[in-house]
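Report on the structure given below.
First listed ligand is number 1; within each ligand, the first listed atom is number 1.
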Amino acid sequence: MDNSFASLPPAFYTRLMPTPLPSPYLVGVSAPAAQLLGLTPADVAASLDVVIGNTVPERALPLAAVYSGHQFGVWAGQLGDGRAILFGDVATEQGPMELQWKGAGMTPYSRMGDGRAVLRSSIREFLCSEAMHALGIPTSRALAVAGSDQGVMRETAETSAVVVRMAPSFVRFGSFEHWYYRQKNAELKVLADYVIERFYPALREEANPYRALLEEVTRRTAHLIAHWQAVGFMHGVMNTDNMSILGLTLDYGPYGFMEAFDANHICNHTDQQGRYSYANQPQVGHWNCYALAQALLPLIGEVDETQAALDVYQPEFAAKLDELLHAKLGLSVLDQHFDTDRALLDDMFAMLEGVDFTLFFRRLSGVRAADASGDEPLRDLFIDRAAFDAWAERYRARLRAEQSDDQARTLAMNQVNPKYVLRNYLAQVAIEKAQNKDFSEVERLLAVLQRPYDEQPEHEHYAALPPDWASHLEVSCSS
Ligand SMILES: Nc1ncnc2c1ncn2[C@@H]1O[C@H](COP(=O)(O)OP(=O)(O)OP(=O)(O)O)[C@@H](O)[C@H]1O
Ligand SMILES: [Mg+2]
């Protein structure tokens with residue numbers, strides 16, 4: 001174990017130890033995440049004291065990093081790892097992975113917080129990190145989650161937990177904004193050079209590596225958000241301190257997956273203005289890149305160059321989303337169908353209002369090019385059957401225009417339209433059981449979500465529409 005971040009000057013972090021928690025218990029381990037570290041789930045279970053942060057691994061250099069950020073569009077000043085502690089990085093086949101405890105106690109950046117995370121939100125972060133990875137969406141990973149009965153106060157009394165998460169880097173847009181707003185250009189440069197050297201080494205050859213960095217991060221962010229839109233993922237708190245410099249999904253708080261489609265859906269109950277609604281995510285992604293651009297401007301030097309790097313956002317986002325949506329519909333991206341496809345997609349989203357997002361796309365693969373014989377399971381999702389029938393006829397015509405093969409298309413579509421996503425109510429069931437010390441549902445649900453594209457006949461009910469009680473579930477920033 002190493003800690004490359006600790007090689008930065010001391011102004012970037014505070015070295016400190018996690019605060020122990022009494023009588024820890026293991027809540028869940030991700031086998032694929034463990035495997036990445038060359039460990040088995042049994043190895044991780046045997047290291048429960050490390051998972052909870054009561055034992056610090058040999059050669060670890062625990063630290064909390066400083067960053068700032070814009071929260072809900074407003075400059076929030078200094079934030080920092082208020083409850084996350086980075087303890088080192090290890091070599092894996094996917095390159096070095098940093099390891100963090102989230103919820104391991106107070107740091108100098110805790111502000112009003114207690115440095116803890118509750119079991120509820122820790123299970124949500126654990127499950128969704130691994131679910132997103134299995135969906136093929138760039139994300140931080142989660143190795144394990146452990147709990148303790150030590151109480152923590154939120155809206156109600158809850159108990160503590162710690163997630164061990166992993167990513168090549170946890171540097172955020174806000175890590176750069178921090179130095180920009182303090183007018184510390186030397187530190188800004190140190191951080192940018194560190195990120196380029198370690199994560200974007202090819203950019204060193206560019207005429208202006210800082211401009212190239214901005215462009216690459218902007219591109220990755222645009223692609224990430226295209227993935228979110230395509231799978232119906234809503235992050236919930238797209239503050240600049242939650243935006244990864246590697247274009248990863250970071251900080252699983254009040255996120256949600258779209259169920260009954262509503263473009264303006266707001267998954268975070270605390271977000272009353274809907275700044276981070278599904279429909280707003282693409283433009284917020286751009287806005288966040290703009291905040292990063294502003295922070296990098298002193299290094300890039302030229303406003304025009306900075307603007308040019310930022311300008312890749314719209315076309316990159318549009319092209320990526322177009323590619324992903326075509327794949328979801330089993331269509332090739334072909335110039336001669338550009339206008340037809342635009343209208344087909346627009347009308348699809350209009351028709352989708354109120355229809356379950358995940359089930360719609362999964363069942364779409366059953367539609368046959370020749371006739372309506374495969375429509376029924378999909379058609380059943382619609383109240384306005386006539387509208388569906390009319391759209392399905394146009395879709396069929398488009399399939400025939402590229403001589404689409406039903407069998408091949410069904411297979412391909414089922415590789416991109418998940419059958420299983422982490423619906424809020426599924427997480428809630430697992431959480432309630434875990435709160436009663438039954439962790440079997442966390443394990444079962446994780447196993448289902450690790451194969452989101454596979455038919456799992458024994459787990460059919462995990463793909464079903466949410467039950468009535470689920471409509472009362474609310475998730476907020478409280479975690
Ligand atoms: N319970 C807490 N104790 C201390 N600090 C907290 C707590 N909850 C949130 N914070 C801090 O408030 C800021 C914003 O919180 P946010 O919910 O975005 O992050 P987070 O979920 O704690 O962590 P991360 O972004 O690392 O996943 C961060 O600086 C975070 O560390
Ligand atoms: Mg955060």
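- For the pair Lys102 and Glu125, the salt-bridge criterion is met [side-chain N within less than 4.0 Å of a carboxylate O].
- The shortest contact between atom 12 (O) of ligand 1 and any protein heavy atom is with Arg111 NH2, 2.8 Å.
- Contacts of Gln78 with ligand 1, taken as heavy-atom pairs under 4.0 Å, are absent altogether.
- Using a 3.5 Å distance cut-off with no hydrogens or angles, the side chains of Ser476 and His269 do not pair a donor with an acceptor.
- Within ligand 1, counting atoms from 1 as listed, the ones closer than 4.0 Å to a heavy atom of Arg172 are 24 (P), 25 (O), 26 (O).
- Considering only non-hydrogen protein atoms, atom 3 (N) of ligand 1 sits nearest to Gly115 N, 2.8 Å.
- In this pair, Tyr25 and Phe439 present their aromatic rings parallel. The plane angle is below 30°, not in the 30 to 60° band.
- When only modelled atom types and interatomic distance are considered, Asp311 and Gln307 share a side-chain donor-acceptor pair under 3.5 Å.
- Residue Ser30 holds its OG atom at 11.5 Å from CD of Glu443, rounded to the nearest 0.5 Å.
- When hydrogens are left out, the protein atom nearest atom 30 (C) of ligand 1 is Gly80 O, 3.9 Å; that is the closest non-hydrogen contact.
- When each atom of ligand 1 is checked for a heavy atom of Lys102 under 4.0 Å away, the hits are 20 (P), 21 (O), 23 (O), 24 (P), 27 (O).
- Within the 4.0 Å heavy-atom criterion, the part of Arg154 lying near ligand 1 is the side chain and not the backbone.
- For atom 14 (C) of ligand 1, the closest heavy atom belonging to the protein is Gln71 NE2, 3.7 Å.
- At the top of the distance list for atom 8 (N) of ligand 1, counting protein heavy atoms only, stands Arg83 NE, 3.3 Å.
- Side-chain N/O atoms of Thr240 and Glu177 include a donor and acceptor closer than 3.5 Å.
- Regarding atom 31 (O) of ligand 1, its nearest protein heavy-atom neighbour is Gly82 N, 2.8 Å.
- Residues Asp304 and Arg211 are not paired through a salt bridge, judged by the lack of any N-O separation under 4.0 Å between the basic side chain and the carboxylate.
- Asp251 has its closest N, O or S atom to the Mg ion (ligand 2) at the position named OD2.
- The part of Asn242 lying near ligand 1 is the side chain, judged by heavy-atom distances below 4.0 Å.
- If you look at Tyr252 next to ligand 1, there are no close heavy atoms at all, none under 4.0 Å.
- Taking every heavy atom of Gly113 and a limit of under 4.0 angstrom, the matching atoms of ligand 1 come to 2 (C), 3 (N), 4 (C).
- Nearest to atom 26 (O) of ligand 1 among the protein's heavy atoms is Arg165 NH2, 2.6 Å.
- Ring geometry, Phe87 versus Trp101: the interplanar angle falls under 30°, so the pair is classed parallel (tilted spans 30 to 60°).
- Taking the six-membered ring where the residue is Trp, His235 and Trp228 present parallel rings, their angle staying beneath 30° rather than reaching 60°.
- Within the 4.0 Å heavy-atom shell around ligand 1 one does not find Glu125.
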What verdict does the side-chain hydrogen bond (donor to acceptor under 3.5 Å, both in side chains) test give for Tyr210 and Thr306, after you've listed the backbone C-alpha separation in whole Å, the side-chain angles of each residue and the deciding distance to 0.1 Å? CA-CA 9 Å; Tyr210 307 113; Thr306 307; over 6 Å; no
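- The residues Asp193 and Arg204 are annotated as not salt-bridged, no charged nitrogen and carboxylate oxygen being separated by less than 4.0 angstrom.
- Relative orientation of the Phe257 and Tyr255 rings is perpendicular, given thresholds of 30° and 60° on the angle between their planes.
- Inclusion of Asn242 in the first shell of the Mg ion (ligand 2) is supported: an N, O or S atom falls under 2.8 Å.
- Residue, atom and distance of the protein heavy atom nearest to atom 19 (O) of ligand 1 are Asp251 OD2, 3.0 Å.
- Each of Phe361, Phe349, Phe360 was compared with Phe261 under the ring pair (Phe, Tyr, Trp, His ring centres under 6.0 Å) criterion, and only Phe349 meets it.
- Distances below 4.0 Å separate heavy atoms of Leu79 from the following atoms of ligand 1: 29 (O).
- Residue-level proximity to ligand 1 for Met106 is absent, since no heavy atom of it falls below 4.0 angstrom.
- At least one heavy atom of Asp241 sits under 4.0 Å from some atom of ligand 1.
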